[in-house]
There are 2 protein chains.
Amino acid sequence: MKADHIPAPAVKRLSLYLRELENLQRGGRTTVSSRRLGDALGLTDAQVRKDLAYFGQFGHPGIGYDITELSTEIRRILGTDRTWNILLVGAGNLGTALAAYRGFSKRGFHLVAVFDSDPRKIGRPVPSVESITIQPLGEIAKTVKQYDVRLAIISVPAEAAQQVADLLVEAGVRGVLNFAPTALTVPSEIAVSAVDMAVQLEQLSFQLGMMQRLPARSG
Amino acid sequence: MKADHIPAPAVKRLSLYLRELENLQRGGRTTVSSRRLGDALGLTDAQVRKDLAYFGQFGHPGIGYDITELSTEIRRILGTDRTWNILLVGAGNLGTALAAYRGFSKRGFHLVAVFDSDPRKIGRPVPSVESITIQPLGEIAKTVKQYDVRLAIISVPAEAAQQVADLLVEAGVRGVLNFAPTALTVPSEIAVSAVDMAVQLEQLSFQLGMMQRLPARSG
DNA sequence: TAATGTGAACTTCTTCACAGCC
DNA sequence: GGCTGTGAAGAAGTTCACATTA
């Protein structure tokens, strides 16, 4: 197959496949079928095969997929077969927690610097990441160049997010993960991904209301 | 229109419309067109109108939508025209940050209790939320009943997440927001929403790779 | 003129179903 | 028998375009 246009939902699932493959590997398995991989994630076997087929032929008929082999391929596809230097803007509660999050480095993302606009924080170490000192926003451009940073995390209040995004884009950052609860306007060549935690809860709230109205769809 | 089945993507956007309406309201506006609302979020005007039409007729031809009126309707649709009591399991770095997050209460979600399995944390206040004392997991069921809790946040390590989910479901929780980087298996009547921050970065990494291969699609 | 609501057309995504291989 | 890869069919979601209302 090897399509040139790939559905965005398929790329999202690719990350989930990788995560699940790592779990399976920890459990001692060496191969996995599309059926088993799909079951673990609530997807059909056909969906799994189709998604992978967008990128090449990685399976072995009668056998399934070799876990190590497929993990390597997915990392290559996602571009995480190397380490990315990232930076974080906003050393509040959430930013501090994100800075300490081990899951990023496990997946090949290395935090090199943290920024904040609060003069009382500047010059101090990030709580729980002693090795990183909080810097003023004015230092962003320099850091981007120095460490070839292409990805940044925004964890500032909504009111400040657009300004920070502008700074990051100007400094040469190519992708932004936005935790501020507001939409960002950026040039089309800049990738943006957003996480709004209140929005997630609202989705759950809606689903609960739905279930109450039309309950128990079995199948 | 008032369809009985509503596309999941439409529901997701509904939350974003509400967020944007609140921003507009703060800016002093009283009405907004589908065009303007769409532009702010990177959507077409038709998309906005179609999404809203799934739920009823809220607009005024020639005028647009009344911001207060539409906000109220969306809150009613999402079920956030009331306060939800929520609880949080996992008082690590991320859990602590989430507990302190003001965005939840702003949107009608009230945190009533925090749980952790670490005996050294139990009995202590949540850092930066002095009013809440960390409780052992065994207290979950009691709290769910006492406060009529229907939604819970999981922010424990991946290895513990499934066990915690089982506990929550058994206690009567109806929806779970999962921050652990693993898929959860729950009964079909339980709603699950997941946030995996490393997955978000991987999506950005992929997009950057894509852009390098086939750059500058203008249009 | 400005803007909504919506059927119809279109595009995108998912599932089916089966040839082919181990 | 078990399992992949994929064209074809089907389902879902988005955009168009226009009648309609203020």
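Sequence lines set the chain letters: A, B, ... in the order given, protein chains first and strands last, and positions in each chain run from 1.
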Residue closer to the 5' end of DNA chain C, B/H60 versus A/A10 (nearest nucleotide): B/H60
Heavy-atom side-chain contact between B/D196 and B/F179 under 4.5 Å: no
Atom CZ of B/R102 with >12 non-hydrogen neighbours under 6.0 angstrom: no
Touch class at under 4.0 angstrom, heavy-atom based, for B/G62 against every strand present: base
Sugar-phosphate, base or nothing in reach of B/R13, heavy atoms under 4.0 Å: sugar-phosphate
B/N85 (side chain) donor-acceptor with B/V149 (main chain) under 3.5 angstrom: no
5' to 3' contact window, DNA chain D with chain B (heavy-atom distance under 4.0 Å): D/dG13 to D/dA22
Neighbour count above 12 (heavy atom, 6.0 Å) for B/Q25 CD: yes
Listed once per pair and sorted, the side chain to side chain donor-acceptor pair (under 3.5 Å) pairs that draw on residues 197-208 of chain A, sequence neighbours left out: A/Q200-B/S193, A/E202-B/S15, A/E202-B/R107, A/Q203-B/S15, A/S205-B/W84
All ring pair (Phe, Tyr, Trp, His ring centres under 6.0 Å) counterparts of A/F104, not counting sequence neighbours: A/Y101
Smallest separation among heavy atoms of A/A91 and A/V114, with atom names: CB-CG1, 4.0 Å
5'-most by nearest nucleotide on DNA chain D - A/F58 or B/A46: A/F58
The helix from C/dT1-D/dA22 to C/dC22-D/dG1: angle between end helix axes, five pairs per end, rounded to 10 degrees: 10°
Counterpart residues, side-chain contact (heavy atoms from CB on, under 4.5 Å), relative to B/F55 (two or more places apart): A/F206, B/I6, B/L14, B/F58, B/I77
A/L204: which of B/V192, B/I190, B/L177 passes side-chain contact (heavy atoms from CB on, under 4.5 Å): B/L177
Contact check, side chains of B/L111 and B/L98, non-hydrogen atoms, under 4.5 Å: no
Along DNA chain C (nearest heavy atom to each residue), the more 5'-positioned of B/S34 and B/K50: B/S34
Chain B footprint on DNA chain C, 5' to 3' - any atom under 4.0 Å from a heavy atom: C/dA2 to C/dA8
Side-chain touch A/R75/A/L18, heavy atoms, less than 4.5 angstrom: yes
